[in-house]
K.L.:
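Take this structure first; my questions come after.
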Amino acid sequence: MAASVERLFTAASTIEEALAARRQGATVLAGGTWMMRDPRRGVDLPEAVVALHRIPALSKVEIEPDHIVIGAAVTHTVLGRALRAVAGFEGLVAAAEGAANPGIRRVATVGGNLCALGFAAADLAPALLACEATVELQTFEGSRLLGISDFLKDRPALLTEAMVTRIHLRRDLIASAHIRLPLRQAGDYPVAIVSFAVDKDKRCRIAVGSVEPVARRWTALEQAMAAGPAPALDPKRAAELALEHNDFQGRDGKEAEGWYRRQVLPTLVRRAVAALLKTEGLAWL
Ligand SMILES: Cc1cc2nc3c(=O)[nH]c(=O)nc-3n(C[C@H](O)[C@H](O)[C@H](O)COP(=O)(O)OP(=O)(O)OC[C@H]3O[C@@H](n4cnc5c(N)ncnc54)[C@H](O)[C@@H]3O)c2cc1C
């Protein structure tokens, strides 16, 4: 019989309590939907965990006239519901409402989706990249704000002691879209994701998830779309530019090979621009 392990569970009521538990070596437990599969990945479950869902400030979405603050313990379901009527954030809503399945979305959190190391197919990562989100971290030395691109790149080192507390968004988008390609053989995880946003200056922000190990902005395509002579917000033209400026190195995985993930990107870009043109913010085009 396997030896039993005594595990410690703390439900923190304040950020200070959560930090104190972290100092004692506890790992953050959010919805547990990623962590519960650690043993399948050959990773031992942590001996001590600290949950954040009882910290009121981390479980709400605050919508202000010029910005939005999302607590790390907010679930996908709550996020989708909170932002459904907010113009410009259609992409983030589609990401929150399209990821996984209803049962997972009810418990999986924003913080968990961004902090699951080694999880390349997180839907919220590209959606928040397109929003140019800022991630608020709580470290043993105090709080810290970091652009989401830098957060995603430096995550493994940052999360050894920091925890994500909030996500900050500017309300500077007029429209956005989130297009994913799930495959049954990939366990319905998306094998490629394109998130597209248009800001008030009509600049496009484009992010790609699941194609490379870490989601990133597609700056080559953003620049081409800004420079092109033809109207760039045309689905066909955008797909042509995506083909020409495809600088992704697709990751090989058991669900899909790298070349395939890379090859589907122009199609996803075409669908994303078509979806953008259907939003209220771009109806005048
Ligand atoms: C069947 C299934 C289908 C899925 N399909 C999709 C999909 O289509 N799209 C998609 O995006 N995801 C999908 N997922 C993944 C799911 O979204 C993630 O498991 C989930 O987002 C993780 O969130 P959680 O709250 O459950 O995190 P947990 O499992 O609790 O934690 C995940 C990791 O993040 C760390 N962590 C959590 N919160 C914080 C924090 N605030 N600060 C620091 N570290 C933290 C934890 O310590 C842990 O290492 C799927 C999962 C399953 C089981």
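One-based numbering, in listed order, for ligands and for the atoms of each.
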K.L.:
Do any N/O atoms on A99 end up under 3.5 angstrom from N/O atoms on ligand 1?
P.N.:
no
K.L.:
Show the atoms of ligand 1 that are less than 4.0 angstrom away from any heavy atom in G31.
P.N.:
24 (P), 25 (O), 26 (O), 27 (O), 30 (O)
K.L.:
Does E212 use its side chain to pair, donor to acceptor, with the backbone of Q249 at less than 3.5 Å?
P.N.:
yes
K.L.:
Heavy atoms only: which of V164, I193, L117 lies closest to atom 42 (N) of ligand 1?
P.N.:
V164
K.L.:
Which option wins on minimum heavy-atom distance to atom 37 (C) of ligand 1: G112, A51, A121?
P.N.:
G112
K.L.:
Heavy-atom count around E64 CD within 6.0 Å, excluding the residue itself: above 12?
P.N.:
yes
K.L.:
Which protein heavy atom lies closest to atom 28 (P) of ligand 1, and at what distance to 0.1 Å?
P.N.:
G32 N, 3.4 Å
K.L.:
Would you verify whether the NZ or CZ of R205 falls within 45 degrees of the ring axis of W218 while also being under 6.0 Å from that six-membered ring's centre?
P.N.:
no
K.L.:
Can an N or O of R180 be found at a distance shorter than 3.5 Å from an N or O of ligand 1?
P.N.:
yes
K.L.:
Give every residue pair that meets the ring pair (Phe, Tyr, Trp, His ring centres under 6.0 Å) criterion with at least one member in residues 60-117, sequence neighbours excluded.
P.N.:
none
K.L.:
So R217 and E222, salt bridge (Lys or Arg N to Asp or Glu O under 4.0 Å) or not? Walk me through it.
P.N.:
CA-CA 9 Å; R217 288 277 288 270; E222 289 175 358; 2.6 Å; yes
K.L.:
As an exercise, identify every atom of ligand 1 less than 4.0 angstrom from a heavy atom of L52.
P.N.:
41 (N)
K.L.:
Need the ligand 1 atom indices (1-based, order shown) with element for anything under 4.0 Å from a heavy-atom of A122.
P.N.:
11 (O)
K.L.:
Counting only heavy atoms, which portion of I104 has something under 4.0 Å from ligand 1: side chain, backbone, both, or neither?
P.N.:
side chain
K.L.:
With heavy atoms of N113 as the reference, note each atom of ligand 1 found under 4.0 Å away.
P.N.:
10 (C), 11 (O), 12 (N), 17 (O), 21 (O), 22 (C), 23 (O)
K.L.:
Between A30 and ligand 1, find which residue part has any heavy-atom pair under 4.0 Å and reply side chain, backbone, both or neither.
P.N.:
both
K.L.:
More than 12 non-hydrogen atoms from neighbouring residues, nucleotides or ligands closer than 6.0 Å to CZ on R23, yes or no?
P.N.:
yes
K.L.:
Among L145, L114, L128, which residue satisfies the side chain to side chain contact (heavy atoms under 4.5 Å, CB included) criterion with F151?
P.N.:
L114
K.L.:
Identify, for atom 26 (O) of ligand 1, the protein heavy atom at the shortest distance, and state residue, atom and that distance.
P.N.:
T33 OG1, 2.6 Å
K.L.:
State whether R180 and D123 are salt-bridged, where the test is any N-O pair (Lys NZ or Arg NE/NH1/NH2 against Asp/Glu carboxylate O) under 4.0 Å.
P.N.:
yes
K.L.:
Quick test of your reading of the model: are D234 and K236 salt-bridged, counting only N-O distances below 4.0 Å?
P.N.:
no
K.L.:
Would you mind running through ligand 1 and noting each atom that sits below 4.0 Å from a heavy atom of M163?
P.N.:
42 (N), 43 (C)
K.L.:
Are the side chain of R261 and the backbone N or O of V191 linked by a donor-acceptor pair below 3.5 Å?
P.N.:
yes
K.L.:
Please check if atom CZ in R251 has more than 12 non-hydrogen atoms from other residues, nucleotides or ligands closer than 6.0 Å.
P.N.:
yes
K.L.:
Between L124 and ligand 1, which residue portion shows a heavy-atom distance shorter than 4.0 Å: side chain, backbone, both, or neither?
P.N.:
neither
K.L.:
Does E62, at its CD atom, have more than 12 non-hydrogen atoms belonging to other residues, nucleotides or ligands within less than 6.0 Å?
P.N.:
yes
K.L.:
One residue to check: A95. Relative to ligand 1, which of side chain, backbone, both or neither has a non-hydrogen atom less than 4.0 Å away?
P.N.:
neither
K.L.:
For L159, is at least one N or O under 3.5 Å away from an N or O on ligand 1?
P.N.:
no
K.L.:
Would you say R37 touches ligand 1, if touching means a heavy atom closer than 4.0 Å?
P.N.:
yes
K.L.:
Which bit of V28 gets closer than 4.0 Å to ligand 1, counting heavy atoms only: side chain, backbone, both or neither?
P.N.:
both
K.L.:
Between D154 (side chain only) and L158 (backbone N and O only), is there a donor and an acceptor less than 3.5 Å apart?
P.N.:
no
K.L.:
Please list, in number order, the atoms of ligand 1 under 4.0 Å from a heavy atom of W34.
P.N.:
19 (O), 22 (C), 26 (O), 29 (O), 32 (C)
K.L.:
Nearest to atom 7 (C) of ligand 1, what protein heavy atom do you find, and at what distance?
P.N.:
A100 N, 3.1 Å
K.L.:
For T75 and V107, indicate whether the former's side chain and the latter's backbone hold a donor-acceptor pair under 3.5 Å.
P.N.:
no
K.L.:
Starting from atom 9 (N) of ligand 1, what is the nearest protein heavy atom, named by residue and atom, and what distance separates them?
P.N.:
D123 OD2, 2.7 Å
K.L.:
I need the nearest protein heavy-atom contact for atom 49 (O) of ligand 1: residue, atom name and distance, please.
P.N.:
C115 O, 4.2 Å
K.L.:
Let me see the working for D247 and R216 under salt bridge (Lys or Arg N to Asp or Glu O under 4.0 Å), right down to the final yes or no.
P.N.:
CA-CA 11 Å; D247 57 1; R216 70 162 164 97; 3.3 Å; yes
K.L.:
I'd like to check whether N101 has a polar contact with ligand 1, where a contact means an N/O of the residue lying under 3.5 Å from an N/O of the ligand.
P.N.:
no
K.L.:
Looking only at protein heavy atoms, which one is nearest to atom 48 (C) of ligand 1, and how far off is it?
P.N.:
M35 CE, 4.0 Å
K.L.:
When you compare ligand 1 with T27, is there at least one nitrogen or oxygen pair between them that comes in under 3.5 angstrom?
P.N.:
no
K.L.:
Under 4.0 Å from a heavy atom of A72: give me the atoms of ligand 1 that qualify, with their elements.
P.N.:
41 (N)
K.L.:
Is H76 in polar range of ligand 1, meaning some N or O pair under 3.5 Å apart?
P.N.:
no
K.L.:
Could you check atom 52 (C) of ligand 1 against the protein and tell me its nearest heavy-atom contact, residue, atom and distance included?
P.N.:
Y189 OH, 3.4 Å
K.L.:
Please check: side-chain N/O of R22 versus main-chain N/O of A162, any donor-acceptor pairing under 3.5 Å?
P.N.:
yes
